[in-house]
Amino acid sequence: MRRHGLLVAAGTVALMLGLTVHARAQWIVFDPNNYVQNVLTAARELQQINNQITSLQNEAQMLINQAKNLASLPYSSLQQLQSSIQRTQQLLAQAQRIAYDVQQIDHAFSTSYAPATSSQPDQLLIANAQSRWQNSYAATQDALRVQAGIVGNLDTNRVQTSALVSSSQGAIGALQATQAGNQILALNAQQLADLTAVVTAQGRVQSLEAAQRAAAQDQGREQLRRFLTPGQGYQSSNVRMFH
């Protein structure tokens with residue numbers, strides 16, 4: 001009620017002032033309806049401006065988010081991973097004597113690992129026994145070298161794993177997170193390749209040792225036959241010295 005009274009009083013004062021001004025000057029017409037419409041129009045225009053500002057802010061934020069999602073990961077482990085793989089490949093490529101080559105393997109098993117025959121001279125049996133032993137010896141050395149090289153990669157892999165995990169946790173967008181995840185998968189693939197290399201090198205040792213034992217047993221039977229054959233016992237004893 002008090003507020004209503006104040007409004008009435010304010011209206012009365014405005015009316016008196018209007019009458020006074022009207023009496024002293026030219027006629028001034030005040031249209032309340034027009035005034036209200038002008039105020040409402042100004043309010044609507046102000047609201048439209050506020051809506052436009054809000055829309056522009058939303059669009060700007062959307063562009064910022066898109067930029068973050070498209071931002072590339074600043075860290076890359078590709079060079080280190082490639083170096084580790086190249087080191088392992090070089091060690092495998094340096095395999096001695098019977099290497100990872102189908103033609104070399106076929107040639108070796110058709111010569112020094114071939115079954116002993118009565119037509120082979122004692123000198124050839126001795127040479128084949130020596131060759132088989134040297135193959136196994138070289139394969140064991142190669143396997144140890146591969147293992148040593150992969151152990152050397154462990155520290156590099158540890159550093160790369162730590163850096164990639166940190167990059168993944170600090171990724172600011174979808175692209176960076178995806179790139180970090182892909183690099184972690186690449187690191188896992190490199191570690192799997194190292195593991196494959198170790199298994200391959202060790203398998204080569206075991207295969208050559210098994211082939212050496214089989215060839216030695218076969219040659220032993222031929223030596224025994226020659227030993228039991230008159231006139232060949234001394235030569236066979238010499239051959240046994242190289243088993």
Side-chain angles (χ1 to χ4, degrees), residues 56-109 112-113 131-214:
L56 291 174
Q57 289 176 341
N58 293 335
E59 291 179 1
Q61 186 62 44
M62 182 178 64
L63 292 175
I64 292 174
N65 292 335
Q66 289 179 352
K68 289 181 179 179
N69 287 332
L70 296 176
S72 179
L73 191 70
Y75 179 80
S76 175
S77 63
L78 179 61
Q79 183 176 359
Q80 290 78 4
L81 294 179
Q82 287 180 335
S83 298
S84 297
I85 292 176
Q86 288 175 355
R87 284 193 296 268
T88 302
Q89 288 178 330
Q90 289 173 356
L91 290 173
L92 292 174
Q94 293 171 2
Q96 307 170 76
R97 301 180 67 83
I98 301 179
Y100 303 98
D101 183 83
V102 175
Q103 293 181 350
Q104 290 186 13
I105 294 172
D106 290 343
H107 177 72
F109 276 79
S112 57
Y113 290 91
S131 177
R132 292 191 297 267
W133 177 83
Q134 291 171 353
N135 290 339
S136 297
Y137 181 87
T140 301
Q141 183 182 16
D142 292 338
L144 291 174
R145 294 177 71 248
V146 171
Q147 293 172 7
I150 291 175
V151 169
N153 288 340
L154 291 178
D155 187 62
T156 300
N157 293 341
R158 178 187 60 80
V159 174
Q160 297 307 314
T161 300
S162 177
L164 288 173
V165 170
S166 298
S167 298
S168 177
Q169 292 176 343
I172 62 174
L175 180 60
Q176 287 195 0
T178 301
Q179 289 179 337
N182 289 340
Q183 292 190 50
I184 291 176
L185 291 177
L187 177 60
N188 292 336
Q190 182 266 322
Q191 293 172 334
L192 181 60
D194 279 353
L195 178 60
T196 302
V198 170
V199 173
T200 301
Q202 188 61 37
R204 175 169 172 256
V205 174
Q206 296 174 352
S207 297
L208 289 176
E209 288 179 348
Q212 181 184 11
R213 289 193 298 269

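The side-chain hydrogen bond (donor to acceptor under 3.5 Å, both in side chains) check on Q183 picks up S77, with sequence neighbours excluded. Listed by chain and residue number, R145 satisfy the side-chain hydrogen bond (donor to acceptor under 3.5 Å, both in side chains) test with Q94 (two or more places apart in sequence, or in another chain). With sequence neighbours left out, D142 forms a salt bridge (charged side-chain N to carboxylate O under 4.0 Å, His left out) with R204. With sequence neighbours left out, the side-chain hydrogen bond (donor to acceptor under 3.5 Å, both in side chains) criterion links Y100 to no other residue.
Inter-residue side-chain proximity for V159 and Q80 is flagged as unmet; no heavy-atom pair is nearer than 4.5 Å. At a threshold of 4.5 Å between non-hydrogen side-chain atoms, the residues N157 and Q190 count as touching. The side-chain heavy atoms of S167 and Q179, taken from C-beta on, include no pair separated by under 4.5 Å. Two residues are said to be in side-chain contact when any heavy atoms from C-beta on lie closer than 4.5 Å; Q191 and L195 fail this criterion.
The ring pair (Phe, Tyr, Trp, His ring centres under 6.0 Å) analysis of residues 138-171, with sequence neighbours excluded, yields no pairs.
Across every non-hydrogen atom of A139 and V205, the tightest pair is O-CG2, 3.1 Å. Across all non-hydrogen atoms, the minimal contact from G170 to Q176 is O-OE1, 4.4 Å. Of all heavy-atom pairs spanning D194 and N153, the tightest one is OD2-ND2, 3.2 Å.
Put simply, CG on L175 and CG on N182 are 9.5 Å apart, with the number rounded to the nearest 0.5 Å. In this structure, CG on L187 lies 12.0 Å from CG on L78, to the nearest 0.5 angstrom.
Side-chain atoms of S168 do not come within 3.5 Å of backbone N or O of L164 as any donor-acceptor pair. One N or O on the side chain of S166 and one on the backbone of S162 form a donor-acceptor pair closer than 3.5 Å. Looking at R132, its side chain does come within 3.5 Å of a backbone N or O of S112 through a donor-acceptor pair.
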Atom pairs and distances, donor-acceptor, side-chain atoms in residues 101-108, under 3.5 Å, two or more places apart:
from: D101; atom 1: OD2; to: Q103; atom 2: N; distance (Å): 3.1
from: D101; atom 1: OD2; to: Q104; atom 2: N; distance (Å): 3.0
from: Q104; atom 1: OE1; to: A99; atom 2: N; distance (Å): 3.0

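A side-chain hydrogen bond (donor to acceptor under 3.5 Å, both in side chains) with N135 holds for exactly one of Q212, R97, E209; it is R97.
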List the steps, then state whether side-chain contact (heavy atoms from CB on, under 4.5 Å) holds for Q202 with Q147. CA-CA 9 Å; Q202 188 61 37; Q147 293 172 7; 3.5 Å; yes
Under the side-chain contact (heavy atoms from CB on, under 4.5 Å) rule, what do Y75 and Q160 come out as? Steps first, then yes or no, please. CA-CA 10 Å; Y75 179 80; Q160 297 307 314; 2.6 Å; yes
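Residues R87 and S84 bring a donor and an acceptor atom of their side chains to less than 3.5 Å of each other.
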